[in-house]
2 protein chains.
Amino acid sequence: MAGQRRQPRSRPETLARRRDIVDAAVEIFGSKGFTGGTLQEIADQVGMTHAGILHHFGSKHALLLEVLTHRDETDVADLEEQHIPDGMPLFRHLVRTAFINAHRAGIVQAYVVLSAESVTDDHPGRDFFQKRYESLRGEIAHAFAVVCAERGIDEPETIGYASAAILAVMDGLQVQWLLDPSAVDLGRATEFAIEAIVDSVLSPAPSPLAE
Amino acid sequence: MAGQRRQPRSRPETLARRRDIVDAAVEIFGSKGFTGGTLQEIADQVGMTHAGILHHFGSKHALLLEVLTHRDETDVADLEEQHIPDGMPLFRHLVRTAFINAHRAGIVQAYVVLSAESVTDDHPGRDFFQKRYESLRGEIAHAFAVVCAERGIDEPETIGYASAAILAVMDGLQVQWLLDPSAVDLGRATEFAIEAIVDSVLSPAPSPLAE
DNA sequence: GTCTATAAGTAGATAGAC
DNA sequence: GTCTATCTACTTATAGAC
């Protein structure tokens, strides 16, 4: 019932224009948020009027969904794209992504701002992020299962917690890094945390918090 | 140069009214964000007009700062308040806070939304959150130092990464939990992650990611 | 496909009555 | 201390010319 008209728009010039707009929208929504960013600002950046934007996407709401879905090459944790690594290589891939992201503040900020903003009431991106996290947790849990199988060990029931926690550290460190890049080493801190969590799943230790 | 007039406002009725407004603001900013929430909505909730709000706080901007600073009893990770635990009890305290927060979606959402929104350009809450994270990282790092001293071990240089990572998992898990409470066990996942990170600092293991 | 013009609504803030 | 009234500014979206 909602938005599906892909074929009819194949004119090359038009597609390029749409890409320009989406790129500009990533930057504006990233730096101002979805609510705070305006079509006017996006239009200015791409050199047209806000009416032009609406001609292409119909509404601000629809533009956001396009931004979230259609990020293409420029994405933060490019798991779902292309050939996803699995097993241990997935964890290495996540760490590598963090190091790369340390040089892409713009796109990182867009995801940080939009994902957190999506928890607000009736936010148009809520469904997208809910499904995204569910999917990513599933991929990470699967990687844990593969690693356990390789080593012939039973899958600990901590896999679910660990999968959520890995995504969580990645996101949370990005917030702190964006607020003060000099105080947080995004790559190394992510690497440390993922290693700690993976190790804890594979080699459970008695809780250091026990009294 | 900015905002300091505490003494002159001591009338009991007025103070109570201001508290009502701040409480309402936490709820509205939490559910709609700072940019998305309006003075009108806050005013409705407290039973007055938006002009009344401005009489008390001067501007929306100032009201947000009051919300962030003056949260009093209702706070998410009540570290800086009262007698802060130190050493190992601090980590237990953080875990306990996560379990408690699982029953306070409102205030959790307020902090999630506002902290992420604060990374946007010229956000009035940016300075607050920057200093808050810096302070919290320092407290956690100190707890690590205390624990290391107690055990007579050298302080690993991973303490900095671990401190940021602990705050990060707490924040990141809150986002996933708010988006889908049934998919994430906020308390247990936080407990698992903090245990993993603390253990990794105290008993460093060879990286499981090494090829 | 992009523009101008404008609609229709809402925002935060101010002024002054009560 | 709270209200009404108003201001100015800006938002998304639509209509129609080019």
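Lettering of chains follows the sequences in order, A, B, ..., and the numbering in each one begins at 1.
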**Request:** Mind checking the CZ-CG spacing from A/F129 to B/L178? Nearest 0.5 Å is all I need.
**Result:** 14.0 Å
**Item:** Distance test, side-chain N/O of A/H56 to OP1/OP2 of C/dT2, below 4.0 Å
**Value:** yes
**Item:** Heavy-atom pair with the smallest gap, counting every atom of B/V119 and B/R126
**Value:** O-NH1, 3.3 Å
**Asked** Looking for any heavy atom pair under 4.0 Å, which part of the strands does B/L39 touch: base, sugar-phosphate only, or nothing?
**Response** sugar-phosphate
**Message:** Without decimals, in angstroms, what is the distance between B/F34 CZ and C/dA11 C1'?
**Reply:** 12 Å
**Request:** Classify the side chain of B/H50 versus the base of C/dA13 as yes if they form a donor-acceptor pair under 3.5 Å and no if they do not.
**Result:** yes
**Request:** Provide, to the nearest angstrom, the distance between the NE2 atom belonging to B/H55 and the C1' atom belonging to D/dT2.
**Result:** 8 Å
**Asked** Between B/E117 and B/T120, do the side chains contain an N or O donor and an N or O acceptor separated by less than 3.5 Å?
**Response** no
**Message:** Any base atoms under 4.0 Å from A/T38, or only sugar-phosphate, or nothing? Heavy atoms, all strands.
**Reply:** sugar-phosphate
**Request:** Specify the separation, in whole Å, of atom CZ of A/F57 and atom P of D/dT12.
**Result:** 15 Å
**Message:** In this structure, how many angstroms lie between the P atom of C/dG12 and the CG atom of B/L63, rounded?
**Reply:** 10 Å
**Message:** If we count only N and O atoms by modelled type, under 3.5 Å, do the side chains of B/Y133 and B/D171 hold a donor and an acceptor together?
**Reply:** yes
**Request:** Return no unless some side-chain N or O of B/T49 is found under 4.0 Å from OP1 or OP2 of D/dC3.
**Result:** yes
**Prompt:** Nearest nucleotide by nearest heavy atom, which residue falls closer to the 5' end of DNA chain C, A/A51 or B/A51?
**Reply:** A/A51
**Asked** Would you say a side-chain N or O of A/R17 is under 4.0 Å from OP1 or OP2 of C/dT2?
**Response** yes
**Asked** Regarding B/D44 and B/Q40, is there a side-chain donor-to-acceptor distance under 3.5 Å anywhere?
**Response** yes
**Message:** Of the options D/dC3, C/dC3, C/dA13, whose atoms approach the side-chain atoms of B/M48 most closely?
**Reply:** D/dC3
**Request:** Determine: side-chain N/O of A/R18 to OP1/OP2 of C/dG1, distance under 4.0 Å, yes or no.
**Result:** no
**Asked** A/G36 near the nucleic acid: base, sugar-phosphate alone, or nothing, with a heavy-atom cut-off under 4.0 Å?
**Response** nothing
**Request:** Find the distance B/H61:NE2 to C/dA11:C1' and express it as a whole number of Å.
**Result:** 17 Å
**Prompt:** How close or far is atom P of D/dT14 from atom CG of A/L54, stated in whole angstroms?
**Reply:** 8 Å
**Request:** Return the value, rounded to whole Å, for the distance between atom CD1 of A/I21 and atom P of C/dT2.
**Result:** 7 Å
**Asked** Taking CG from A/D44 and P from D/dC10, how many angstroms apart are they, rounded to a whole number?
**Response** 12 Å
